[in-house]
Amino acid sequence: MQDDARYLKRKVTAGSLDVHPTEKALVVHYEVEASILGEDGGPMLGERKEGQKIIRVKSLCPTTDVAALARKVVEECKLIPASRLAQVEHLLYYLQNRKSSPVEGKVEKKEKRAVKPKDLTPFEGMELNEEASITRMEEYVELLYEGIPEKIRGSALILQLARNPDNLEELLHNEAALGALARVLREDWKQSVDLATSIIYIFFCFSSFSQFHTVVSHYKIGALCMSVVEHELKSLNWLAPHLCGLHGLHKTVSLMLFCIRESAPENGSLRRDQDKALRKYQGLLAKQEQLLRVSLYLLLNLAEDTRTELKMRNKNIVGLLVRVLERDDEELLVLVVSFLKKLSIFLENKNDMAELDTVERLARLVPCDHEDLLNLTLQLLLNLSFDSALRAKMVEVGLLPKLTALLGDESNRQVVMRILYHVSMDDRFRGMFVYTDCIPQLMQMLYDHGGEDIEAELISICINLAANKMNAQLMCEGNGLKMLMKRALKTKDCLLMKMIRNISQHEGPTKPLFIDYVGDLAAEIRTEEEEEWVLECLGTLANLTIPDLDWELVLKEYNLVPFLKDKLKPGSAEDDLILEVVIMIGTVSIDDACAVMLAKSGIIPALIELLNARQEDDEFVCQIVYVFYQMVFHQATRDVIIKDTQAPAYLIDLMHDKNTEIRKVCDNTLDIIAEYDEEWGRKIQSEKFRFHNNQWLEMVESRQVDEPEAYLYDNDNDRTDLFYSADGITPGDGSVSPDFFSDLQSQNGDSHHAGDVNDVFDQTGSSTGRPATAYGFRPDEQPFYQYS
């Protein structure tokens, strides 16, 4: 090597010296000139390359001794000659008095918000007293061909160089060094934790820059790291027992340590041996966790490429990371949770986490004292909470009260509210919020907002929770409803009114509280506000089925009948608003005076016209039929519906609709119509008979066509009295006993007892309360007959 040196010449020339534009740093420009000399000493081939070195002085502050700092910079940086000491001192003085630039402020603020694993630091045993030099790389590579101690020393010296980003490009071109490092890692990583950590650390330095990922992938370091992590996790279970003479496996590190301490006897020498073994175990555990940390950090960097991430997933990276969640080292947990958070955005990884009980392992980290770990854990839970099964698991493991307790933490409030919003989307979990202090906190937040716009997450949770009866009662405690109504009417906040609308739908003590606000809501309906606001106010008013409320006075006072009739016209407004108008008409129709007023206004024909236009929309059909159901209880509207409209005919057509709710309301309405109108009663009964005996009738008709028997064409077929009497049931000649038909009543769909047909509508046996139907069962009870 010394013989070759006379043919090589390398010259470094210092250039200009300046300050960094955004950071507290000096920038030294230099030029490297490499020449190949001939035997006569003359240059044969040369190359020049410009570069720069950044000297960061983060410790610089208003109280720093600039002169001493300048001398230290000149001494440590060989690129700056001593003659430029005054210039260095001048530049440092400028940096000391320079105000932070806007760009620098934004970068610092962004870095402060971003939560990421901290930079790795070497553990005890990796530091060396000697300082590595890039010019001695060949010596360090030669050490990699010696024994384990020499390999550890060589890799540690190369690591010193790799931790300086300025050296990475030069190391990149040294293929011999990288190849030797990869070979040693592949062959000897099980021999020494220190050796494996140092070499993986070197490649981690390359993985920190995207442009060097191809080099790390070329030497298959990622696959090696996966093997290292899997091996180290398996070794955890037998590490403590073998060191301390214990038997059996332990699931967690804390349990191991407890068993080691408790197993130490009172004998002094044996106790010292146990303490020594414990210290040895703790030291190995620290080294193992450092190895896991650097390996997983390298894999996290490589996972920037989704193709590489997919390869990791196929090698069960999710399973390995979930197992590491059992560790207690907070910095290692920060890294693991960061990795899982990145992986969780893909469905396949999320499903893997669900199978591995990740939520249970994360539950112990909420809450925790480590701010970054808590924030990352909550973000991971937020990603997982998009899955309904995982939301159920979060509630099952007791995360709901823990999350509620974090609402007071400003730094984590937003992500906590998003998780709680996802939980509140499920009906089965809304009732569980009653047993936490979530609702009082949410109401206090609404109160504290004052005139500001309410956060979307906050009002969304409140809207969902208000759909539960017990939650709604908690919200109305004290002056809760008064505060909500006052704020909503003042700010015209549609979302806040939607929350109030959800509260108003519950029966019980909350509904009468709205009596004081009926006038305000009715007044808002007639204002020229945006349609969404009118929709929420109208929906709230339509929910108020309060017996003591004088709806006639409300309709007259605020002139609502023309508004309701006008909005019933198809296309006059959005479908949602028209539907709420129909519901509102159904609500006020409970009042007899209101029903008369609506009948005189011509609303019933408008409803029939709307039914024709929206006959394919089940929600419209169901609500309109319910309006008819309410109206047939009143004499005035019943006569209009039966005599002046074709509503009964529409109801007969809908009697066999595929929608269960429509059939139920329709049957109840027709039963009441049949009770008060004999002609429609016969039509309804005939249609029910035809429907329930449809198969039998089809069979009879088919036999008449397929079997040309003589008697089928006899003139006696025209004598209907031979088959049916005037009442349509009993044979005219009395050949069949009426008891025969009594036995077949369930098949014919009739639930009344045998007797005169006029007794069919006898209501004396009905229970009090809601009106009984024509066949003796209440509308809210199951019909007597069932058909598959």
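- Residue-environment remark: CD (E169) stays at or below the threshold of 12 foreign heavy atoms within 6.0 Å.
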>> Would E230 and K234 count as a salt bridge (Lys or Arg N to Asp or Glu O under 4.0 Å) here? Give the steps.
In response: CA-CA 6 Å; E230 186 174 6; K234 287 180 179 178; 3.7 Å; yes
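- No more than 12 heavy atoms of other residues, nucleotides or ligands lie within 6.0 Å of NZ in K315, so this atom counts as exposed by the packing criterion.
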> Given the rule in the salt bridge (Lys or Arg N to Asp or Glu O under 4.0 Å) test, do E348 and R313 qualify, once you have shown the distances and angles that lead to the verdict?
Replying inline: CA-CA 9 Å; E348 297 82 2; R313 191 255 170 184; over 6 Å; no
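- Remark: side-chain polar atoms of K53 are not paired, donor with acceptor, to backbone N or O of V27 under 3.5 angstrom.
- Here the CD atom belonging to E457 is positioned 12.0 Å from the CG atom belonging to L442, to the nearest 0.5 angstrom.
- Around the NZ atom of K311, the shell of radius 6.0 Å holds no more than 12 heavy atoms that belong to other residues, nucleotides or ligands.
- The backbone N or O of L332 lies less than 3.5 Å from a partner atom in the side chain of D329, making a donor-acceptor pair.
- Nearest heavy atom pair, residue A466 against residue I503, reads CB-CG1, 3.7 Å.
- Proximity of a side-chain donor or acceptor of T358 to a complementary backbone N or O of A354 within less than 3.5 Å is not detected.
- For T308 (side chain) and E304 (main-chain N/O), no donor-acceptor pair under 3.5 Å exists by modelled atom type.
- Under a 4.0 Å N-O distance rule, the pair E326/R361 qualifies as a salt bridge.
- When each of F203, F339, F204 is checked for a ring-ring contact (aromatic ring centres under 6.0 Å, His included) with Y297, only F204 meets the rule.
- Salt bridge annotation for K342-E309: present, with a cationic side-chain nitrogen under 4.0 angstrom from a carboxylate oxygen.
- Remark: the backbone N or O of L382 is not paired with any side-chain donor or acceptor of R418 at under 3.5 angstrom.
- Residues T64 and Q96 have side chains that never bring a donor and an acceptor to within less than 3.5 angstrom of each other.
- A side chain to side chain contact (heavy atoms under 4.5 Å, CB included) with V337 holds for exactly one of L321, L380, L381, V324; it is L380.
- Between S208 atom OG and L300 atom CG the span is 10.0 Å, to the nearest 0.5 Å.
- Counting only N and O atoms by type, the side chains of D194 and S192 include no donor and acceptor under 3.5 Å apart.
- In this model, a donor atom of one side chain and an acceptor atom of the other lie less than 3.5 Å apart for Q288 and S235.
- A side-chain donor-acceptor contact under 3.5 Å links Q505 to the backbone of N502.
- Within the model, atoms CD of Q160 and CG of N164 stand 11.0 Å from one another, a figure rounded to the nearest 0.5 Å.
- For R428, the CZ atom sits in a packed shell: over 12 heavy atoms of surrounding residues, nucleotides or ligands are nearer than 6.0 Å.
- Here the side chain of R413 pairs a donor or acceptor atom with the backbone of L407 at under 3.5 angstrom.
- With sequence neighbours excluded, no residue forms a ring-ring contact (aromatic ring centres under 6.0 Å, His included) with F429.
- The existence of a salt bridge linking R364 and D328 is confirmed by a sub-4.0 Å separation between a basic side-chain nitrogen and an acidic carboxylate oxygen.
- Surrounding CD of E531 are more than 12 heavy atoms belonging to other residues, nucleotides or ligands, all under 6.0 Å away.
- Put simply, OG on S198 and CD1 on I158 are 10.0 Å apart, with the number rounded to the nearest 0.5 Å.
- With hydrogens and angles ignored, the 3.5 Å screen pairs a side-chain donor or acceptor of N471 with a backbone N or O of L465.
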> Should L343 and D352 be marked as a side chain to side chain contact (heavy atoms under 4.5 Å, CB included) after you check the CA-CA gap, both sets of side-chain angles, and the distance that decides it?
Replying inline: CA-CA 10 Å; L343 295 171; D352 290 344; over 6 Å; no
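- In this structure, a donor-acceptor pair under 3.5 Å is present between the side chains of E331 and H370.
- Checked by atom type, the side-chain pair N375/Q379 shows a donor-acceptor distance below 3.5 Å.
- The side chain to side chain contact (heavy atoms under 4.5 Å, CB included) with N468 is formed by just one residue from the set M432, Q473, R430; it is R430.
- Rounding to the nearest 0.5 angstrom, the gap separating the OG atom in S207 from the CD1 atom in I200 is 11.0 Å.
- By the 6.0 Å contact criterion, CG on N314 is enclosed, its count of non-hydrogen atoms from other residues, nucleotides or ligands being greater than 12.
- A distance-only check finds a donor-acceptor pair linking the side chain of N543 to the backbone of R501 [under 3.5 Å].
- Using modelled atom types, no side-chain atom of E536 and backbone atom of L495 make a donor-acceptor pair closer than 3.5 Å.
- Side chains of N351 and E355: a donor-acceptor N/O pair is absent below 3.5 angstrom, by distance only.
- Counting non-hydrogen atoms of other residues, nucleotides and ligands closer than 6.0 Å to CE of M483 gives a total above 12.
- Expressed to the nearest 0.5 Å, how far NZ of K498 lies from SG of C462 amounts to 14.0 Å.
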